[in-house]
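Chain naming here is simple, since letters A, B, ... match the order of the sequence lines and numbering starts at 1 in each.
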2 protein chains.
Amino acid sequence: MRSAEAIVTAAMGRFARDGFATPLRAIAEDAGVSAPLIVHHFGSKQGLRDAVDDHVLALVDEKLRRFETGGFAAAAALVLPLYEQGDLPRYLRRTLAEGGPASRRLLESFVTTTEKALAHLGLAEPRMTAGLLVSHSLGAILLADPIGDAVGVDLFSADGIARWAASAIGIYRGDLAPLLS
Amino acid sequence: MRSAEAIVTAAMGRFARDGFATPLRAIAEDAGVSAPLIVHHFGSKQGLRDAVDDHVLALVDEKLRRFETGGFAAAAALVLPLYEQGDLPRYLRRTLAEGGPASRRLLESFVTTTEKALAHLGLAEPRMTAGLLVSHSLGAILLADPIGDAVGVDLFSADGIARWAASAIGIYRGDLAPLLS
DNA sequence: TTGACGGTTGAACAGTTGTTCAATACAACG
DNA sequence: CGTTGTATTGAACAACTGTTCAACCGTCAA
């Protein structure tokens with residue numbers, strides 16, 4: 001049964017890096033097994049992908065659970081640890097781009113957790129605001145690389161994170177308010 | 001030469017809906033031509049994709065040019081017209097998820113345009129702030145469907161857009177500031 | 001009319017893909 | 001020991017893929 005875990009891990013990495021069109025044989029090689037064994041364990045390639053989705057959702061939920069309480073740091077801290085796992089943000093990016101059911105399960109977790117962190121603010125529409133805030137955080141995950149290029153900063157470096165955070169704080173404090181007619 | 005345009009249009013739709021792994025034959029059928037003709041015109045499937053990327057970038061640039069000046073409405077108005085084209089936002093979503101060179105060209109346009117709209121605010125880091133704002137806007141494009149599901153609102157309906165905008169204005173005015181330690 | 005040429009096609013090819021199948025290794029259990 | 005079952009594999013298959021090739025069609029110049 002150990003090989004099943006190795007397969008899921010290898011599949012997550014390959015899907016994240018090369019997309020879901022990655023051949024089963026490549027995943028099998030990474031996991032040190034044969035392609036038919038994957039079908040034997042997961043029924044089909046789609047079955048494997050479902051298993052990887054479950055695994056990723058569990059990973060995210062575990063990380064989210066640490067930030068159910070707490071202040072605004074939740075929104076930032078919610079994003080940063082995701083970067084530490086090399087393959088996780090890339091897999092999320094691909095999942096969200098497809099927009100399938102896994103994408104919906106994922107967002108449900110994020111929005112609900114964020115809504116709890118916003119509960120004591122007395123907002124008019126806490127869930128809508130939570131959705132907006134999640135789209136901000138995940139948008140940063142999805143676009144960190146090309147935006148870093150455009151801005152000319154490595155957003156993964158300490159300096160990049162600090163400046164990114166400073167600008168974010170400015171925005172959430174109202175720096176852009178003069179633009180609102 | 002008319003068929004080349006039909007091919008690009010069909011390819012954009014297919015790529016947007018089914019991903020870049022869509023077979024050439026499917027695109028050919030949509031365009032009402034044969035698969036070899038696509039290779040004849042664009043050299044290869046990759047050549048076709050490059051042509052579609054160019055086409056999409058031109059579309060986006062044209063839309064962006066209308067909002068180079070103007071206030072905060074730029075950020076909102078920047079997003080909304082993209083929705084009207086059925087395939088465009090989906091194509092952007094797939095492009096951004098891949099993170100290739102097309103993704104970089106795209107973000108460069110967005111960030112530069114947004115930076116101009118922010119110029120007169122006297123921000124400490126206008127380009128970084130512009131990057132952040134772009135990630136907010138595009139994050140909304142990328143995640144509108146699953147977030148709408150999570151929030152329980154159709155973000156494409158008039159009601160959904162109005163409530164989304166109201167929450168966004170609240171955030172940019174500082175509703176979340178109490179959370180900043 | 002003849003010739004040339006770009007647009008277009010059906011047929012075919014070689015490579016890749018997910019999946020099936022029969023067979024092997026191997027552990028657990030009686 | 002034998003046997004039962006699970007994990008695992010190489011070989012093979014049918015379907016699909018991007019691409020090539022020779023041929024056809026139309027137009028337009030000479």
Strictly under 3.5 Å: I want the nitrogen or oxygen pairs between protein and nucleotides 9-13 of chain D, one per line.
| unit_1 | atom_1 | unit_2 | atom_2 | d |
| --- | --- | --- | --- | --- |
| D:dT9 | OP2 | A:Ser34 | N | 2.9 |
| D:dT9 | OP2 | A:Ser34 | OG | 2.9 |
| D:dA12 | N6 | A:Arg25 | NH2 | 3.4 |

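Per the geometry, CZ belonging to A:Phe42 stands 11 Å off P belonging to D:dT8, to the nearest Å. In this structure, the CG atom of A:Asp18 is 15 Å from the C1' atom of C:dT16, given to the nearest Å. Rounded to whole Å, atom P of C:dT17 lies 13 Å from atom CD1 of A:Ile38. Atoms CZ (A:Phe15) and C1' (C:dG18) sit 12 Å apart, rounded to a whole Å. Rounded to whole Å, the distance from CZ on A:Arg2 to C1' on C:dC26 is 17 Å. One can place CG of A:Leu24 at 12 Å from P of C:dT20, the figure rounded to the nearest angstrom. Spacing between atom NZ of B:Lys45 and atom C1' of D:dC16 amounts to 12 Å, rounded to whole angstrom units. Rounded to a whole Å, the CZ atom of B:Arg49 is 19 Å from the C1' atom of D:dT19.
With hydrogens and angles left out, the side-chain atoms of A:Tyr91 and A:His55 include no donor and acceptor closer than 3.5 Å. There is no side-chain donor-acceptor pair under 3.5 Å between B:Thr9 and B:Glu5.
In terms of position on DNA chain C, the residue among A:Pro23 and A:Val39 whose nearest nucleotide sits closer to the 5' end is A:Pro23.
With values rounded to the nearest 0.5 angstrom, B:Leu92 atom CG is found 9.5 Å from B:Leu57 atom CG.
Each of A:Ile147, A:Asp149, A:Asp145, A:Leu143 was scored for a side-chain contact (heavy atoms from CB on, under 4.5 Å) with A:Leu155, with one residue passing: A:Ile147.
Of the possible polar contacts, one joining the A:Arg94 side chain to the A:Ala16 backbone as a donor-acceptor pair under 3.5 Å is found. Using modelled atom types, one side-chain atom of A:Ser135 and one backbone atom of A:Leu132 make a donor-acceptor pair closer than 3.5 Å.
For C:dG6, the OP1/OP2 oxygens have no side-chain nitrogen or oxygen of B:His41 closer than 4.0 Å. Phosphate proximity of C:dT8 to B:Ser3: present, with a side-chain N or O under 4.0 Å from OP1 or OP2.
Qualifying ring pair (Phe, Tyr, Trp, His ring centres under 6.0 Å) partners for A:Phe42, counting only residues two or more places apart in sequence or in other chains: none.
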